[in-house]
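Worksheet: the structure to be examined is printed underneath.
Just the heavy atoms: all of them, side chains too, but no hydrogens, waters or symmetry mates, feed the values below. Counting starts at 1 for both ligands and their atoms, in listed order. On a predicted model such as this, the values are computed, not experimentally measured, just so you know.
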Amino acid sequence: MDSPEVTFTLAYLVFAVCFVFTPTEFHSAGLTVQNLLSGWLGSEDAAFVPYHLRRTSATLLCHSLLPLGYYVGMCFAASEKQLYSLGQAPEAWRLFLLLAVTLPTIASTLIYYWSCDQWARHPLARTLALYALPQSGWRAVASSVNTEFRRIDKFATGAPGARVIVTDTWVMKVTTYRVHAARQQDVHLTVTGSRQHALSADSSLPVQLLTIHVASASPGVRAFDIRAANVVIHQSLGDLFLETFASLVEVNPTYSVPSSQELEACIGCMQTRASVKLVKTCQEAAEGECQQCYCRPMWCLTCMGKWFASRQDPQRPDTWLASRVPCPTCRARFCILDVCAVR
Ligand SMILES: [Zn+2]
Ligand SMILES: [Zn+2]
Ligand SMILES: [Zn+2]
């Protein structure tokens, strides 16, 4: 099979996939909607919001035209099928043409709907409207976004199809058809995943990619995920200690509660059940500074860790793990090796 029909189909398929997903080579060649329509779209730096209102619409329309482009191309590549004359075209091709015409029609209708009332119905405008003060509209918010985007200290990263932009007050994600925006002061960030890549395009060092879920406290603002490379997340010293504390307790011997005894809620937080018991395991019973605690399990691991941390010298974190503190209930001294998880 080496007909022009097959060749054209394959070539068009490759073109369409690259046009939609725009690999770096296509970007360098300028074969993207942004580049082809740059005159009409204007400059992103000059007016971020208007630019993306137009860009998302134009992208949607251009992509929806791809099947029609294929049909037109096939009129020439497979001229024996007589696709240019509707009456003679095979049934399947007429169906395809119907689909190819329907897609841009739907896209144009949607774009027309978005553009009504000076773009007030576009998803981005609607998101911004959620942040508008009652006396002003979404345009006031948009102009503050534009101003912040122009500043030199904004942070922008990521592939063109999923750019992440952080300005003084906004976290935004720019995708092919959408722009997500959330105001920093009311977002809640959660790290939901991390992936280690051995190699990256621009350095020979391994990169860690974190997936961060951005959820806004404002109702109506859609949550979104952003990907960022080599993010350093600073934990407070307390959090860091609790994590280390928990991992050390994990390797200590466990303590089996007698079946007659029932575990009660932790008396520190009342949120979870007691989960640790202090058993002197670091040394022989009569040796060392640690003492045996005879209290029943009353604390959860986190509360015990917080108690342990609270008795430390904040200026000397290096001594924390090796120190001894009194049991919160009976004052018997214990070290980390004596904290046993209850089974
Ligand atoms: Zn607790
Ligand atoms: Zn005790
Ligand atoms: Zn001890």
request  = Calculate the angle formed at the Zn ion (ligand 1) by SG in Cys269 and SG in Cys266; 10° precision is enough.
outcome  = 110°
inquiry  = Atom NZ of residue position Lys306 - does it have more than 12 heavy atoms of other residues, nucleotides or ligands inside 6.0 Å?
reply    = no
inquiry  = Please check this pair: side chain of Asp338 against backbone of Cys290, looking for a donor-acceptor N/O pair closer than 3.5 Å.
reply    = no
message = Under the side chain to side chain donor-acceptor pair (under 3.5 Å) test against Ser323, which residue among Gln312, Arg311, Arg333 passes?
response = Gln312
request  = Measure centre to centre between the rings of His213 and Phe224, then say whether the value is under 6.0 Å.
outcome  = no
query = Should the pair Tyr70 and Phe8 be assigned to parallel (<30°), tilted (30 to 60°) or perpendicular (>60°) ring geometry?
reply = parallel
message = Can you see whether Phe334 has Lys280 sitting over its ring - NZ or CZ less than 6.0 Å from the centre and within 45° of the normal?
response = no
task = Give the atom name of whichever N/O/S atom in Asp338 sits closest to the Zn ion (ligand 3).
result = OD2
message = Can you pull out every side-chain hydrogen bond (donor to acceptor under 3.5 Å, both in side chains) where at least one residue sits in residues 286-297? Sequence neighbours excluded, please.
response = Glu264-Arg296
query = Are there any protein N/O/S atoms under 2.8 Å from the Zn ion (ligand 2), and if so, which?
reply = Cys293 SG, Cys295 SG, Cys327 SG, Cys330 SG
ask   = How open is the angle at the Zn ion (ligand 1) from atom SG of Cys303 over to atom SG of Cys300, rounded to 10 degrees?
value = 100°
request  = Taking the six-membered ring for Trp and the full ring for Phe, Tyr or His, determine whether the centres of Trp170 and Tyr131 are under 6.0 Å apart.
outcome  = yes
ask   = At the Zn ion (ligand 3), what angle lies between atom SG of Cys335 and atom SG of Cys282, rounded to 10 degrees?
value = 110°
